[in-house]
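Note on naming: letters A, B, ... go to the chains in the order of the sequence lines (proteins, then strands), and numbering restarts at 1 for each one.
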Number of protein chains: 2
Amino acid sequence: MKQETRKDEIVNTAAKLFKEKGYSAVTMRDLATTMGIKAASLYNHISSKQDLLKTIIISIAEEFTNGMDAIINSEVSTISKLKEIINLHVAITANNTSGMASLNNDWMHLEEQLDYYLKLRTDYENNFLTIIKEGISNSEIKANNPEIIMFSMLTTLRSLYLWIPKKEDLNTSDLSNSLNDVLIHGINK
Amino acid sequence: MKQETRKDEIVNTAAKLFKEKGYSAVTMRDLATTMGIKAASLYNHISSKQDLLKTIIISIAEEFTNGMDAIINSEVSTISKLKEIINLHVAITANNTSGMASLNNDWMHLEEQLDYYLKLRTDYENNFLTIIKEGISNSEIKANNPEIIMFSMLTTLRSLYLWIPKKEDLNTSDLSNSLNDVLIHGINK
DNA sequence: GTCTATACACTGATAGAC
DNA sequence: GTCTATCAGTGTATAGAC
């Protein structure tokens with residue numbers, strides 16, 4: 001564990017507030033009050049409010065990109081790859097629920113980094129879709145509309161940040177397994 | 001079709017802008033400019049910005065409540081009830097994609113109506129969960145964690161607003177059927 | 001139904017003292 | 001690392017003319 005710097009504290013506090021009210025509704029004075037200091041003091045550690053958003057979102061987006069790159073290049077079955085994608089989302093979200101909220105809801109307020117974020121996001125979705133289409137080709141997956149399959153899985157996984165903090169006794173591997181059951185095998189008997 | 005009043009035009013334009021940037025990031029001047037008038041003129045038709053949010057969110061929330069009340073009181077199988085819930089979400093979302101974005105993302109900015117909204121939402125989720133638990137009791141549904149089943153279905157359905165506008169050639173009944181396949185029957189062969 | 005003019009609180013951010 | 005003081009710009013909303 002790296003030592004948490006003052007900037008890290010500010011970023012983490014900002015992420016929590018952004019999760020509650022959204023980037024635009026959180027003022028630098030709100031953030032400073034929560035930290036127990038004055039707004040001007042924040043600027044000794046960060047350069048702008050936008051800097052906070054960028055720091056929160058881009059690091060998580062890159063985690064997803066790196067995870068997906070490893071998965072798509074692994075030589076396992078499609079069903080195994082999908083399980084690994086579920087594990088990836090559960091692991092990243094459990095580690096940073098607040099940041100996931102900003103990633104999902106406030107990416108449009110990125111300025112300089114918006115295009116870069118959108119590229120990471122599009123690439124991720126394309127890789128996900130490729131995996132599903134492979135599964136349909138090799139008959140591991142039913143020939144449903146692949147976009148709907150991806151949409152359904154991805155929106156569930158992207159919304160995990162809403163759900164994980166509610167379960168105080170979270171076991172990430174139990175959660176991954178349950179999601180795998182529901183998302184892959186369906187719910188009807 | 002009722003005639004669209006000036007207030008309706010303002011509400012619909014506001015919903016579109018709220019969908020793009022979120023309630024807090026949209027200014028009354030933005031809204032006025034989009035309408036082709038000055039900000040002050042808006043106040044001849046509405047009483048406040050908050051009034052717009054309330055109008056957008058509460059009417060949709062009540063549609064969901066009414067739909068759910070009909071479903072939970074119908075005497076059909078659990079699988080049929082779940083199909084009807086999917087139909088309900090597809091129908092409401094197809095009819096008002098922008099409003100669904102505000103419902104999902106900006107409900108926390110409601111003021112007087114916040115508690116009322118939260119009650120409608122909690123009741124809806126409890127009814128949904130009751131239906132799933134009934135299905136497990138009567139062996140229509142696998143004995144997975146019912147909260148995870150609801151979470152997975154509901155987050156997918158709540159995110160439909162992101163997906164429906166992308167499909168220019170939308171056939172709502174095809175979409176409902178595809179979602180039913182994926183959500184109920186799973187994706188693996 | 002829309003305008004101009006205006007109020008006045010709040011916003012992100014900087015300068016410079018300690 | 002935090003403070004006080006401050007600025008220029010923007011926020012919602014109102015009053016009153018046309």
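Put simply, CD1 on B/Ile10 is 14 Å from C1' on D/dA13, counting in whole angstrom units.
When the salt bridge (charged side-chain N to carboxylate O under 4.0 Å, His left out) test is applied to A/Lys119, the partners found at least two apart in sequence or on another chain are A/Asp123. The side-chain contact (heavy atoms from CB on, under 4.5 Å) check on B/Ser74 picks up B/Val76, B/Lys81, B/Glu84, with sequence neighbours excluded. Every side-chain hydrogen bond (donor to acceptor under 3.5 Å, both in side chains) that A/Asp8 has, sequence neighbours left out, goes to A/Thr5. Remark: A/Arg121 engages A/Glu125 in a salt bridge (charged side-chain N to carboxylate O under 4.0 Å, His left out) (not counting sequence neighbours). Partners of A/Phe128 under the ring-ring contact (aromatic ring centres under 6.0 Å, His included) rule, at least two apart in sequence or in another chain, do not exist in this structure.
When DNA chain C is scanned in the 5' to 3' direction for atoms under 4.0 Å from non-hydrogen atoms of chain A, the outermost contacting nucleotides are C/dT11 to C/dA15.
Counting only residues at least two apart or in different chains, ring-ring contact (aromatic ring centres under 6.0 Å, His included) contacts with residues 40-59 of chain A are absent. Residue pairs that meet the ring-ring contact (aromatic ring centres under 6.0 Å, His included) test with at least one member in residues 169-189 of chain A, sequence neighbours left out, do not exist here. Residue pairs meeting the salt bridge (charged side-chain N to carboxylate O under 4.0 Å, His left out) criterion with at least one member in residues 33-60 of chain A, sequence neighbours excluded: A/Lys7-A/Asp51, A/Asp51-A/Lys54. Sorted by first and then second residue, the salt bridge (charged side-chain N to carboxylate O under 4.0 Å, His left out) pairs involving residues 17-31 of chain A (not counting sequence neighbours) are A/Lys21-A/Asp30.
Distances shown here put a side-chain N or O of B/Tyr43 below 4.0 Å from the OP1 or OP2 atom of D/dA13.
Contact check of residues 20-40 of chain A against DNA chain D (heavy atom, cut-off under 4.0 Å) returns A/Ile37, A/Lys38, A/Ala40. The stretch residues 50-60 of chain A has no heavy atom under 4.0 angstrom from DNA chain D at all.
Without hydrogens or angle criteria, A/Asn104 side chain to A/Arg158 main chain gives a donor-acceptor distance under 3.5 Å.
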